[in-house]
Peer 1: 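What follows is a structure written as structure tokens; I'll ask about it next.
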Amino acid sequence: MALLTVLCYPDPRLHKVAKPVAQVDARIQKIVTDMADTMYEAPGVGLAATQVDIHERILVIDVSDSQNELMVFINPELVWVSPEKKLWREGCLSVPEYFDEVDRPAVVRVRALDINGKEFEVEADGLLAVCLQHEMDHLQGKVFVEYLSMLKRTRISLKLKKRAKELIGER
Ligand code: NI
């Protein structure tokens with residue numbers, strides 16, 4: 001099992017735009033395995049490659065209660081979003097211990113490649129819809145706190161910078 005280091009907001013690397021995966025090969029499959037291990041260990045319901053400083057369009061998601069239904073999305077694309085929106089309280093492994101509400105389309109349809117490079121499409125609502133949009137934002141270099149007010153963002157940045165210093169101090 002290989003655990004990857006998750007970047008923490010406001011790390012500038014979280015704002016890099018990920019490149020499409022050219023070919024789903026053994027290298028990509030290894031990245032997916034390591035990302036899944038990292039997500040389950042955290043624990044989290046989703047992880048984008050950007051968060052582990054790999055700037056390729058790869059997501060792993062598991063919204064099941066039992067945490068044994070891994071979903072892999074390579075080169076995900078939003079093909080449809082519902083006009084209806086829904087407020088959801090979101091969190092992020094890159095923004096530890098902070099949760100806030102974001103308004104997003106309630107239902108989305110996403111097309112992607114699976115772990116074998118085969119194309120598939122999924123229509124999602126509820127937590128999976130939120131998670132897909134949140135993780136796809138990461139691939140565009142966007143963190144969910146960027147939907148919040150400047151004041152909140154500044155507070156979060158200061159708090160996390162302080163937290164990072166304290167963690168270094170503890171080592
Ligand atoms: Ni996140």
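Note that these values count all heavy atoms, side chains included, but never hydrogens, waters or copies made by symmetry. Residue numbers start at 1 and run along the sequence shown. In each ligand, atom 1 is the first atom listed, and ligand 1 is the first ligand listed.
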Peer 1: Do any protein N, O or S atoms sit under 2.8 Å from the Ni ion (ligand 1), and which ones are they?
Peer 2: Cys92 SG, His134 NE2, His138 NE2
Peer 1: Throw together a table of side-chain donor-acceptor distances under 3.5 angstrom for residues 37-47, partners on residues two or more places apart or in other chains.
Peer 2:
{"from": "Thr38", "atom 1": "OG1", "to": "Leu4", "atom 2": "N", "distance (Å)": "2.9"}
{"from": "Thr38", "atom 1": "OG1", "to": "Asp34", "atom 2": "O", "distance (Å)": "2.7"}
{"from": "Tyr40", "atom 1": "OH", "to": "Asp62", "atom 2": "OD2", "distance (Å)": "2.5"}

Peer 1: Can you check whether Leu139 reaches Phe73 side chain to side chain, under 4.5 Å on heavy atoms?
Peer 2: no
Peer 1: Is there a side-chain contact between His138 and Cys92, using heavy atoms and a 4.5 Å cut-off?
Peer 2: yes
Peer 1: May I ask you to say whether Arg163 pairs ionically with Glu97, meaning some side-chain N is under 4.0 Å from a carboxylate O?
Peer 2: yes
Peer 1: With sequence neighbours left out, what residues match Asn75 under side chain to side chain contact (heavy atoms under 4.5 Å, CB included)?
Peer 2: Pro20, Val21, Arg57, Leu113
Peer 1: What pairs with Asp53 under side-chain hydrogen bond (donor to acceptor under 3.5 Å, both in side chains), at least two apart in sequence or on another chain?
Peer 2: Arg13, His55
